[in-house]
Asks: 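Supplied in structure tokens, the structure appears directly below.
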Amino acid sequence: MDEQALLGLNPNADARYRQRAMAYFEQLKESQDAWEVCAEALAKGIYNDDHVKFFCFQVLEHQIKFRHAGLSAVQQQLIRETLMKWLQCQLMNAQPEKPFIRNKAAQVFALTFVMEYLTLWPKFFFDLLSLVGLSPHGVDIYLRTLMAIDAEVVDRDILHTPEVRHTGCQGAETRRNTLIKDTMREQCIPSLVESWFQILQTYQQSHPEITCQCLEVVGAYVSWIDLNLIANDRFVNLLLSQMSVEELREEACDCLFEIVNKGMDPVDKTKLVESLCQVLQSAGFFNVEQEEDVDFLAKFARLVNGMGQSLLLSWTKLAKTGNVKDTAETLQAVEAKVPLLLKLLVHEDDDISTNVVGFCYEYLHVLKQLPQLTDQQKTNIEAVMLAVMKKLTYDDEYNFENEGEDEAMFVEYRKQLKMLLDRLAQVSPELLLEAVRRVFTNTMRNWQTAPFMEVEVAIRLLYMLGEALPASHGAHFSGDTVKTSALQDMMRTLVSCGVSSYQHTSVALEFFETVVRYDKFFIVEPQYIPNVLMAFLDQRGLRHNSPKVRSRVAYLFSRFIKTLKHMNAFIEDILTRIQDLLELAPPENGFPALLTNDDQLFMFETAGVLIVNGETPVERKQVLMRSLLTPLMDAFRLLLAKLLQESEEERQAALADCLSHAVGFARSSSHSSARSPPSSRYVFQGVLVPLRAAGFQS
């Protein structure tokens with residue numbers, strides 16, 4: 001081999017050597033027989049450098065993947081012999097190869113298997129097993145090869161052959177893979193399963209990493225082999241014993257999940273899940289409150305989720321067939337898992353709770369289909385409601401000022417809980433409404449002394465009812481009197497109890513979000529408008545000490561005003577109070593503005609809506625619009641003059657940016673006129689001329 005070129009395989013080699021190594025790789029790939037030197041190097045263990053070994057496997061991989069059909073019978077035999085000799089060397093080495101080399105070797109073994117198992121190498125697995133025996137190094141390669149074969153033959157997300165890559169035709173590969181699996185089932189799967197059992201039994205104490213690899217293999221293959229080979233007393237008892245071994249329990253849990261997840265007859269699936277649950281319960285695994293290992297509990301929750309969803313799927317299939325007896329027994333089996341589901345759903349660790357949301361959601365979906373709920377089912381629904389309400393609550397560690405990955409994960413988790421709440425509303429809207437009303441009322445009664453997270457979640461629940469109990473065009477305060485009465489009571493409490501003064505950003509934001517969601521309430525009960533307007537306009541809203549709150553409130557205030565268009569009694573007072581928030585901040589000011597430029601766009605639009613939609617004469621509206629825009633025009637003229645005199649590029653850009661914002665503000669205030677009746681547009685007639693004179697062009 002070209003020793004100089006091989007130097008370029010080292011990641012630290014200079015560019016000249018690396019380029020030579022790449023050229024040598026291309027040469028070996030394209031040659032009819034030059035690759036054989038790589039095969040010889042692997043078979044005889046000539047090189048100690050890991051990068052050279054990896055390189056040799058890459059060359060071999062290329063020949064098998066792209067040129068196998070063109071190789072002579074002797075060359076194909078050479079590949080088989082090379083792999084087996086390399087594997088034999090591994091059995092004798094004191095130290096195993098690096099993981100990246102073992103993985104690449106497994107890929108090459110798997111590619112060779114795919115190409116030759118059906119024709120040239122039908123005893124592939126028997127040859128491997130007879131060679132490796134129970135040698136740890138050999139078993140490791142054997143298990144890695146099995147996972148690589150799974151990726152090549154079973155994994156539906158991977159396209160492998162050149163035919164598929166270049167033509168997009170998957171038919172040939174699919175037929176080949178199906179034939180390989182069928183042949184394996186007939187010829188070798190029982191032997192493979194027996195080897196897995198021996199490996200799991202032999203290495204669970206001495207080599208936990210090999211045992212975990214083997215469990216992963218079992219989990220991967222169980223989806224397409226005869227389940228009876230795995231789901232039997234001997235195998236399941238071994239898996240359950242490994243669930244009590246700290247190093248193995250998580251992988252054993254995953255393996256059981258794959259067994260439970262296997263598609264099968266609904267009655268058989270119910271029997272399988274029930275027998276597994278009985279053993280798990282007898283072994284104490286259902287006592288989750290005593291388990292301190294949260295990583296294992298997360299895996300166990302996933303297993304419980306899989307068992308629950310499997311039972312619910314069986315119920316759905318059986319219900320369609322009209323099999324009353326088996327359907328009832330399956331639902332009974334589901335109901336028996338609900339106490340465990342609730343323990344996991346309400347667990348303080350959100351990862352554990354998240355993993356059973358699917359089971360909970362589908363259980364509620366089944367309840368929705370039942371003609372009548374039992375008392376126990378109603379109790380279960382209330383328990384799920386309480387669990388969801390509890391888990392929606394922020395914890396002390398949530399960082400509101402600098403939200404990172406943990407905070408983003410909690411926001412996503414809250415979205416899943418919202419799905420459960422929406423489903424609860426479909427199953428029993430009366431129960432949900434009453435539960436939220438109870439929590440909300442009790443919390444608002446003592447909001448001054450309650451922790452912020454309790455106050456926030458109480459308001460949040462009221463907010464979420466708006467989507468959980470939908471109404472056409474937000475008309476929550478007409479129609480169903482029970483719902484309307486409850487929502488009006490809660491809204492009265494919200495806007496009159498003083499909670500808008502609570503000193504936490506999350507509570508402030510939730511207050512204003514909820515006010516705007518239920519803006520139709522103020523059409524029904526307009527006497528509460530002044531209280532809410534003051535909250536928007538003072539230190540609770542637009543002048544809050546948090547920029548995040550101020551920014552969101554600017555947008556929400558705009559929405560609120562657009563909904564309640566006829567606010568004649570408050571227009572001039574509002575315009576006076578927000579006047580300083582409408583000032584154009586010049587770049588040399590140096591003082592941070594309360595609102596950003598984007599926030600000010602909303603404020604100008606709000607002011608325009610107030611003026612145009614007011615019930616005052618057109619002349620008065622023109623006066624108000626002039627008062628709104630004249631300071632903006634004056635500032636524009638001043639900044640334009642400065643721009644014309646400025647020579648420094650950076651300063652010019654800042655001034656031009658500020659002028660652009662001024663034009664945007666003027667346009668925002670005029671949008672309200674464009675969307676109003678034609679008569680309202682006269683408001684701008686007395687304002688447009690001075691605007692254009694100032695240099696504004698729309």
Side-chain angles (χ1 to χ4, degrees), residues 25 28-29 31-45 53-91 97 99-132 137-155 158-165 172-173 175-184 187-189 191-192 195 217 220-221:
F25 180 51
L28 290 175
K29 283 197 308 184
S31 169
Q32 292 294 326
D33 54 9
W35 60 269
E36 293 176 14
V37 297
C38 292
E40 182 184 14
L42 289 170
K44 295 182 178 179
K53 295 175 191 174
F54 189 82
F55 173 80
C56 290
F57 272 120
Q58 279 185 304
V59 172
L60 211 58
E61 178 185 32
H62 182 84
Q63 293 300 315
I64 298 164
K65 188 181 287 187
F66 297 105
R67 308 186 69 163
H68 185 271
L71 298 176
S72 68
V74 173
Q75 289 176 316
Q76 291 173 345
Q77 179 64 26
L78 175 62
I79 289 175
R80 292 193 288 277
E81 290 176 357
T82 297
L83 291 175
M84 296 305 282
K85 285 178 182 177
W86 178 85
L87 182 56
Q88 195 166 20
C89 290
Q90 304 314 302
L91 308 182
E97 297 283 9
F100 75 94
I101 294 176
R102 283 180 274 161
N103 286 336
K104 179 54 71 176
Q107 287 175 5
V108 175
F109 268 102
L111 280 171
T112 307
F113 166 82
V114 168
M115 294 294 182
E116 301 193 348
Y117 177 62
L118 296 174
T119 52
L120 301 171
W121 202 354
K123 293 190 175 183
F124 176 88
F125 290 112
F126 295 102
D127 289 348
L128 251 64
L129 285 170
S130 59
L131 179 61
V132 303
H137 294 174
V139 168
D140 175 87
I141 300 297
Y142 165 63
L143 295 172
R144 288 174 193 266
T145 299
L146 285 170
M147 289 306 297
I149 288 171
D150 177 74
E152 285 291 329
V153 176
V154 181
D155 196 326
I158 301 175
L159 301 180
H160 310 285
T161 66
E163 177 188 14
V164 172
R165 285 193 194 91
E173 180 179 272
R175 288 192 297 273
R176 181 205 68 192
N177 290 348
T178 301
L179 188 56
I180 287 175
K181 287 188 287 185
D182 288 343
T183 308
M184 286 179 67
Q187 296 182 357
C188 65
I189 286 297
S191 298
L192 295 186
S195 75
V217 168
Y221 279 70

Asks: Identify the heavy atoms of Val114 and Val153 that sit nearest to each other, and give their distance.
Replies: CG2-CG2, 3.9 Å
Asks: Determine the minimum heavy-atom distance between Ala43 and Cys89, stating which atoms define it.
Replies: O-SG, 3.9 Å
Asks: Taking the side chain as everything from C-beta on, heavy atoms only, tell me whether Leu128 gets closer than 4.5 Å to Met84.
Replies: yes
Asks: Between Lys104 and Gln107, is there a side-chain donor-acceptor contact under 3.5 Å, judged purely by atom types and distance?
Replies: yes
Asks: If you measure from CD1 on Ile141 to CG on Leu131, what distance do you get to the nearest 0.5 Å?
Replies: 11.0 Å
Asks: Exactly one of Trp121, Tyr142, Phe125 should register a ring pair (Phe, Tyr, Trp, His ring centres under 6.0 Å) with Phe113. Which one does?
Replies: Phe125
Asks: Might you point out which heavy atoms bring Gly138 and Val132 nearest each other, and give the distance in Å?
Replies: O-CG1, 3.6 Å
Asks: Checking Leu129 against Leu192 for the side chain to side chain contact (heavy atoms under 4.5 Å, CB included) test, could you report, in this order, the C-alpha distance in whole Å, the side-chain angles of both residues, the deciding distance, and whether it holds?
Replies: CA-CA 9 Å; Leu129 285 170; Leu192 295 186; 4.2 Å; yes
Asks: Measure the CG-CD1 distance between Asn177 and Ile149 for me, rounded to the nearest 0.5 Å.
Replies: 11.5 Å
Asks: Quick check for you: to the nearest 0.5 Å, what is the distance between Gln76 atom CD and Glu116 atom CD?
Replies: 5.5 Å
Asks: Can you see which heavy atom on Glu97 is nearest to which on Lys53, and at what distance?
Replies: OE1-NZ, 3.0 Å
Asks: Can you tell me how far NZ of Lys181 sits from OH of Tyr221, rounded to the nearest 0.5 angstrom?
Replies: 11.0 Å
Asks: Which heavy atom of Leu60 sits nearest to which heavy atom of Leu42, and what is that distance?
Replies: CD2-CD1, 4.1 Å
Asks: Tell me whether Arg144 contacts the main-chain N or O of Asn103 through its side chain, where contact means a donor paired with an acceptor under 3.5 Å.
Replies: no
Asks: With rounding to the nearest 0.5 angstrom, report the CD1 to CD distance, Ile79 to Gln75.
Replies: 7.5 Å
Asks: If you look at every heavy atom in His68 and Leu120, which pair is closest and at what distance?
Replies: CE1-CD1, 4.3 Å
Asks: Only one of Trp86, Trp35, Phe109 passes ring pair (Phe, Tyr, Trp, His ring centres under 6.0 Å) with Phe57; say which it is.
Replies: Trp86
Asks: Let me confirm one number: the OH-CZ distance from Tyr117 to Arg176, rounded to the nearest 0.5 Å.
Replies: 14.0 Å
Asks: So do the side chains of Val59 and Val37 get within less than 4.5 Å of each other, counting heavy atoms only?
Replies: no
